[in-house]
Amino acid sequence: MKLIASLTSPYARKVRIALVEKKIECDLVEDSPWAEETTVPDYNPLGKVPVLVLDDGTTLFDSRVIVEYLDTVSPVSRLIPEPNRQRILVKRWEALADGICDAAVTIVLERKRQVKQQSKDWLERQQRKIDLGVEELSQHLGDRSWCNGEGYSLADIATGCALAYLDLRHPDVDWRGNYANLVKLADKLAKRPSFAETVPPAGA
Ligand SMILES: N[C@@H](CCC(=O)N[C@@H](CS)C(=O)NCC(=O)O)C(=O)O
């Protein structure tokens, strides 16, 4: 089994963390979907990472599908609770955290265009998603130890990856100054080996 990923993708990091938590062996193949020589479209017609390639050649994407697959192939450290309501609430957390990443990535791409081609309205629209999304993460977490309340889950992984991506690409978003409960959670997550081993390389 191999995972095609870039080391800065928050979606790929979610999968890499899940692999470590679940103690599943998997080769990592680094590939940037933006590189001219990328092979990502050979595995995913959408040209996006992460992609999980199973031993029989089956390709799985996107990150939500991959994590759900990994969680069901091994009973070690269940990341998605089985009871339906808990499961759906964890998936909702994941959708919110991934949505924040979608807006954050969109801003990065828009800012790469020539200044005169950039849309201020579009940038502001994406920024609102980030700001309201992070506020909702904080409100839902409240004073609980873990996002889902019941214990460590995929909700924490997705939230931790989204906040870390903001630190990496949007240091102007002052979530650390505004939401002490998210800081506490993020600092606790950063100490887990799965998070520590998947920090994007310096300067990436
Ligand atoms: N919903 C997808 C998002 C994946 C995604 O957008 N990945 C980015 C890297 S962070 C990508 O590969 N972008 C290339 C492109 O959009 O062409 C997932 O969860 O896997």
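Bear in mind that the values here come from a model prediction, so they are computed numbers and not experimental data. Counting starts at 1 for both ligands and their atoms, following the listed order.
Comment: Asp187 engages Arg176 in a salt bridge, judged by a side-chain N to carboxylate O separation of less than 4.0 angstrom. We find that Glu124 and Lys120 are joined by a salt bridge, their nearest charged nitrogen and carboxylate oxygen being less than 4.0 Å apart.
No N or O atom of Arg64 sits closer than 3.5 Å to an N or O atom of ligand 1. By the 3.5 Å distance cut-off applied to N or O atoms, Val49 is counted among the residues near ligand 1. Close N/O approach between Ser63 and ligand 1 is found [any backbone or side-chain N/O within under 3.5 Å].
Here the heavy atom of the protein found nearest to atom 16 (O) of ligand 1 is Lys48 CE, 3.6 Å. When hydrogens are left out, the protein atom nearest atom 10 (S) of ligand 1 is Ser9 OG, 3.4 Å; that is the closest non-hydrogen contact. Scanning the protein heavy atoms around atom 1 (N) of ligand 1, the nearest turns out to be Asp62 OD2, 3.0 Å.
Between the side chains of Asp167 and Trp175, at least one donor-acceptor pair of N or O atoms lies under 3.5 Å. Between the side chains of Ser119 and Asp121, not a single donor N or O lies within less than 3.5 Å of an accepting N or O.
Proximity to Pro33 (heavy-atom distance under 4.0 Å) selects the following atoms of ligand 1: 11 (C), 12 (O), 14 (C). Near Pro50, with a cut-off below 4.0 Å to any heavy atom, the atoms of ligand 1 are 20 (O).
Applying the salt bridge (Lys or Arg N to Asp or Glu O under 4.0 Å) test to every pair with at least one member in residues 40-53, sequence neighbours left out, gives no pairs at all.
Test Arg13, Lys22, Glu21 against Ser194 for side-chain hydrogen bond (donor to acceptor under 3.5 Å, both in side chains) and you get one pass: Glu21.
Heavy-atom proximity to atom 13 (N) of ligand 1, evaluated over Tyr11, Tyr165, Trp34, is greatest for Trp34.
Considering only residues two or more places apart in sequence or on other chains, Glu136 meets the side-chain contact (heavy atoms from CB on, under 4.5 Å) condition with Arg92, Leu96, His140.
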